[in-house]
Undergrad: 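One structure is given below, represented as structure tokens, and several questions about it will come after.
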Amino acid sequence: MRFTSLVIELIRARPRLIVWIAVLLQAAMWLFVALVFYRSPPGTLATLLAFGREYQVGTDLGPPLPVWLADIAYRAAGGHMLGVYLLAEVCEIATFIALFHLSRAVVGSQHAVLAVLLTMTVLAFSSSALDFGPLVLARPLWALLLLHSWQIIGQRRGNAWFAWSIEAGLLLLTTPAAIFLLLLIVVFAVTTAGGRRTLRGLDPLFALIVVAVLALPYAVWLMRAETLTMPALPQVAELNARALHVAWLLGGLVLGAAAIPALTFLNTGLFAGKGEEPPIIYRPPVEPLARTFVYFFALALPPGAVLISGLLGLDSVAGGAGVVLVMSGLAVVVAAGDLIAMRRARMLRMVWAAAVVAPAAGVVLAVLFLPWTGTGEIATSMPARAISDFFDESFARRTNHRLRAVAGETQLASLIALHSGRPHLFIDVDPVRTPWMNQTKFSETGGVVVWRASDTAGTPPPEILKRFPGIVPEVPRAFEWLVNGRQQLLRIGWAIVRPKGT
């Protein structure tokens with residue numbers, strides 16, 4: 001009797017169960033990392049929450065939906081970052097479940113499991129799991145949009161138009177790259193016979209109306225915003241630098257997807273044992289339109305996004321690597337054929353698990369060991385709660401008023417703005433970014449100005465003294481990192497601007 005591993009049998013018999021187990025375990029792993037090893041939010045998440053507190057229709061961070069959702073999740077969790085981390089993981093789970101349903105419609109349930117597992121290795125390396133923002137929220141919306149696009153074009157399901165229109169409108173409220181993504185769907189629909197057939201009814205018109213209604217407030221804000229400018233196209237002298245930037249971005253995408261060719265190579269006959277009869281995972285034949293759909297969005301999206309990023313001078317890939325590479329696993333499964341032999345299944349499982357766990361393990365090792373090298377700071381090791389509590393209580397004791405605003409170094413000020421009192425963030429170096437607060441209003445309400453202290457006297461940097469000429473620096477406050485190691489304590493210089501009338 002031939003032995004077949006339990007995992008292979010579960011893929012054959014219970015494919016949906018395997019997907020849910022893998023996705024939930026990955027989400028639980030990242031939540032554990034965040035709750036144990038993160039004392040402050042990753043990336044620019046603290047600034048995002050400070051902007052979300054104001055509920056502006058638009059800011060320089062982009063469309064408002066990610067900013068609003070982050071603040072709602074933060075408030076729902078009682079002012080704890082757990083709510084935002086859960087929201088980020090819900091987006092991750094929704095992305096993979098939507099991808100599973102799309103893959104099942106194209107290659108069947110069993111091969112859909114392989115597509116999801118391969119895509120998990122790509123997103124683990126190429127995109128952040130906890131730094132909630134436009135790039136994280138766009139992933140499930142784009143996956144759902146692809147799912148309902150296929151239902152409309154490939155399966156002729158007219159009832160999917162309403163969901164498609166809602167997702168398209170929400171995507172426009174999430175990322176500036178939404179126009180490019182929606183344009184790709186339009187191009188596919190116009191250039192294929194099945195797509196043109198779906199555009200002949202009234203449903204596309206109704207969907208367009210729904211999308212316009214959802215995006216109208218942000219579109220009006222864009223037209224009225226006087227501070228926003230379109231990125232300039234590169235000059236001839238900049239072409240070489242832009243070309244290198246494009247190559248760098250493209251190399252990052254290739255590196256992020258490196259686990260897929262590695263797993264594919266390990267599953268070739270070169271590693272098969274003598275006389276081994278590997279288990280076969282079967283699928284029904286893929287129809288030509290489905291094959292074209294998968295290849296189009298897997299192969300046209302990455303170079304298009306990279307080219308746009310290069311032309312506009314963007315620091316990252318337009319739409320985010322998680323959006324650009326979400327179809328890569330399904331494309332490989334479609335290209336693999338109707339029969340996929342699982343050779344050396346135990347080795348494949350180990351390599352896949354290592355690829356999924358490696359980013360989280362890298363975060364943990366960096367937090368625990370990098371402080372001992374003394375080469376740099378770990379931003380997530382800042383004691384955010386202790387910092388915000390100290391400055392809120394100090395301001396209340398000195399002025400008998402609640403802290404209403406905080407200015408100075410944006411990273412530190414954003415952490416203080418996370419306090420339960422939620423003071424306003426004032427980016428004094430560029431006041432246009434925070435239209436809810438200006439220098440005059442800050443002087444009236446009072447607040448705290450913070451900076452990195454470079455000496456024991458807490459002397460403010462010259463640029464802060466220029467913007468706040470009357471401040472009197474206090475004794476710097478030192479805070480411990482999560483792991484101090486060989487690093488110096490985090491010393492924050494500060495000064496109080498008293499409210500007028502006190």
Side-chain angles (χ1 to χ4, degrees), residues 30-31 34-35 38-94 128-141 166 169-176 178 214-215 217-218 221-222 225 320 379-380 382 384-385 387-389 391-392 402-407 410-427 430-437 441-442 445 447-448:
W30 278 110
L31 284 176
L35 295 178
Y38 280 13
R39 296 183 69 185
S40 61
T44 59
L45 185 52
T47 305
L48 184 82
L49 287 168
F51 277 63
R53 174 223 190 282
E54 310 299 335
Y55 284 91
Q56 300 285 305
V57 176
T59 64
D60 67 328
L61 297 182
L65 186 60
V67 184
W68 293 353
L69 289 181
D71 185 73
I72 292 171
Y74 186 73
R75 293 176 186 271
H80 197 285
M81 288 304 302
L82 175 63
V84 188
Y85 296 148
L86 281 174
L87 178 60
E89 291 309 313
V90 167
C91 290
E92 194 85 353
I93 293 171
S128 173
L130 295 171
D131 189 4
F132 181 79
L135 302 184
V136 173
L137 182 58
R139 292 200 300 250
L141 292 175
I166 297 294
L170 294 180
L171 191 64
L172 286 169
L173 294 176
T174 298
T175 172
L214 285 174
Y218 181 62
W221 180 86
L222 281 177
T380 54
M382 291 183 178
R385 181 62 62 179
I387 293 173
S388 60
D389 286 345
F391 290 107
D392 183 82
R402 183 167 59 90
L403 180 60
R404 301 293 299 275
V406 58
T410 302
Q411 182 185 24
L412 298 176
S414 299
L415 294 181
I416 300 171
L418 290 176
H419 192 268
S420 56
R422 304 299 298 277
H424 298 280
L425 174 65
F426 176 39
I427 303 180
D430 189 7
V432 177
R433 295 189 61 194
T434 51
W436 53 86
M437 182 64 63
K441 189 180 295 185
F442 186 82
T445 62
V448 172

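We number each residue from 1, following the sequence as shown.
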Undergrad: I'd like to know if the side chain of Trp68 reaches the main chain of Arg53, judged simply by a donor and an acceptor atom lying under 3.5 Å from each other, with no hydrogens or angles considered.
TA: no
Undergrad: Please walk me through it: do Glu54 and Val67 pass side-chain contact (heavy atoms from CB on, under 4.5 Å)?
TA: CA-CA 9 Å; Glu54 310 299 335; Val67 184; over 6 Å; no
Undergrad: Evaluate side-chain contact (heavy atoms from CB on, under 4.5 Å) for Leu48 paired with Leu45, printing each intermediate quantity in order.
TA: CA-CA 5 Å; Leu48 184 82; Leu45 185 52; 3.8 Å; yes
Undergrad: Can you name the closest pair of heavy atoms from Ala405 and Pro423 and give their distance?
TA: N-CB, 3.8 Å
Undergrad: So, do Trp436 and Phe51 have ring centers that fall under 6.0 Å from each other?
TA: yes
Undergrad: Taking atom CZ of Arg385 and atom CG of Leu418, what is their separation to the nearest 0.5 Å?
TA: 7.5 Å
Undergrad: For a quick test of reading the model, state the closest non-hydrogen atom pair linking Trp30 to Glu89 and the distance between them.
TA: CB-OE2, 3.6 Å
Undergrad: Give, for atom OG1 of Thr174 and atom CZ of Arg139, the distance between the pair rounded to the nearest 0.5 Å.
TA: 12.5 Å
Undergrad: Please find the pair of heavy atoms, one from Val406 and one from Phe442, that lie closest to each other, and give the distance.
TA: N-CE1, 4.0 Å
Undergrad: Please tell me if the side chains of Ile416 and Leu403 come closer than 4.5 Å, counting only heavy atoms from C-beta onward.
TA: yes
Undergrad: So which heavy atom on Ala413 is nearest to which on Leu425, and how close?
TA: CB-CD1, 3.5 Å
Undergrad: Working to the nearest 0.5 Å, report the span between CG of Leu214 and CG of Leu171.
TA: 11.5 Å
Undergrad: Please report the C-alpha distance between Leu86 and Phe132 in whole Å, then the side-chain angles of each, then the deciding distance to 0.1 Å, and finally whether the side-chain contact (heavy atoms from CB on, under 4.5 Å) criterion is met.
TA: CA-CA 10 Å; Leu86 281 174; Phe132 181 79; over 6 Å; no
Undergrad: Using every non-hydrogen atom in the two residues, find where Cys91 and Leu137 come nearest and quote the distance to one decimal.
TA: SG-CD1, 3.9 Å
Undergrad: Rounded to the nearest 0.5 Å, what's the gap from CG on Leu87 to CG on Leu82? Could you check?
TA: 11.0 Å
Undergrad: In terms of ring plane angle, is the pair Tyr85 and Tyr38 parallel, tilted or perpendicular, where the classes change at 30° and 60°?
TA: perpendicular
Undergrad: How close do Ala34 and Leu130 get, heavy atom to heavy atom, and via which atoms?
TA: CB-CD1, 3.5 Å
Undergrad: Starting at CG of Asp392, measure out to CD1 of Ile387 and round the result to the nearest 0.5 Å.
TA: 13.5 Å
Undergrad: Using atom types as modelled and distance alone, determine if a side-chain donor or acceptor of Thr175 lies under 3.5 Å from a backbone N or O of Leu135.
TA: no
Undergrad: Drop me the distance from His424's NE2 to Lys441's NZ, to the nearest 0.5 angstrom.
TA: 7.5 Å
Undergrad: Without swapping roles, check the side chain of Arg433 against the backbone of Ile427 for a donor-acceptor pair under 3.5 Å.
TA: no
Undergrad: Could you give me the CA-CA distance, side-chain angles and deciding distance for Asp71 and Tyr55, then say whether side-chain contact (heavy atoms from CB on, under 4.5 Å) is met?
TA: CA-CA 9 Å; Asp71 185 73; Tyr55 284 91; 2.6 Å; yes
